[in-house]
Amino acid sequence: MSLPIASPLTASPFQGAIGVFDSGVGGLSVLRAIRAALPHEHLVYVADSGHAPYGDQTEAHITQRTLTVGNWLVEQGVKAVTIACNTATVVAAKSLREQTHVPVVAIEPAIKPAVAVSRSGVVGVLATRQTVQSEAVARLVQQHGADKRILLQACPGLVELVERANLHSAETEALLRQFITPLLEQGADTLVLGCTHFPFLQDTIQRVAGEGVALLDPAEAVARELARRLTDCVSLSSATQMGQVKFLTSGDVAKVQSVMSHLWGAPLTVQALPSGA
Ligand code: DGL
């Protein structure tokens, strides 16, 4: 009688970690909030820079990339996925949630809190083309902005500047001025950073908008929601030492590593995302 050969159990390198992904480097603005809120968790971050920017692509392409990267992270054993990309959320978070058994926490433009803090009742939303055109954002505007003015501003070109760590140049300031000036002229006193790349432009945006204008980034709220979901649905790490953070990209590893180290504020090592992911 032949006995079945037991295959050795090989633990996935990301077993029990939290998977976080974005079209590129922008999701680091969410990752740093997660790291601050949940320092003992292992984190794995995927920058899908080989397919960025998502915001100018078709919905079909964004959905395909969101499902591919999200499902790949789940196959690697992550206990939760965070979509650190507004564009992927508004187009494809629902599809990913339908396909996966782990909690999926997804960032979306902070329209509700912006309406709450605006004194003028005029709120500007800076985001990608796909985000401002999405049904999900139309629903947020309907739900929270009924008696306010919500001005949706697509910002093509900004993601590419952040992907090159071009954050403070005259070119970046001029492009921001082009997007923000019409919002200020219509009375906006609050701007929603509706793309996770934009918090890295915060200083330049504030300079262009003026000190009196509030800038809203929901990254900390996403980290709090992730902590809540882990507590309720899976489990928090019981470790007392700092968790590890791993970085992968579908783009040019050397370039992405250089930009991500700059944005993260410390040298980090980026690995290539395996083909097929
Ligand atoms: N960080 C992504 C977001 O939040 C940028 C999308 C893009 O790649 O265009 O929407």
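Atoms considered below: every heavy atom in the structure, side chains included; atoms not considered: hydrogens, waters and symmetry mates. The chain is numbered in sequence order, starting from 1. We count ligands from 1, going down the list as the structure has it; atoms in each ligand are counted the same way. Here the structure is a predicted model, which is why all the values come from computation and not from measurement.
- With a 4.5 Å cut-off on side-chain heavy atoms, V123 and K148 do not count as touching.
- In summary, of the residues considered (V132, T128, L158), a side chain to side chain contact (heavy atoms under 4.5 Å, CB included) with C195 occurs for T128 alone.
- Ring geometry, Y54 versus H61: the interplanar angle exceeds 60°, so the pair is classed perpendicular (tilted spans 30 to 60°).
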TODO: Test side chain to side chain donor-acceptor pair (under 3.5 Å) on S95 and T63 and set out the steps.
DONE: CA-CA 8 Å; S95 306; T63 303; 5.3 Å; no
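- Protein residues having at least one heavy atom under 4.0 Å from any atom of ligand 1 are D22, S23, P53, Y54, G55, C85, N86, T87, T128, V159, C195, T196, H197, listed by chain and number.
- Side-chain N or O atoms of Q130 include none that pairs as donor or acceptor with a backbone N or O of T87 at under 3.5 Å.
- With respect to Y45, the side chain to side chain contact (heavy atoms under 4.5 Å, CB included) criterion is satisfied by exactly one of V30, L248, L28, T249: L28.
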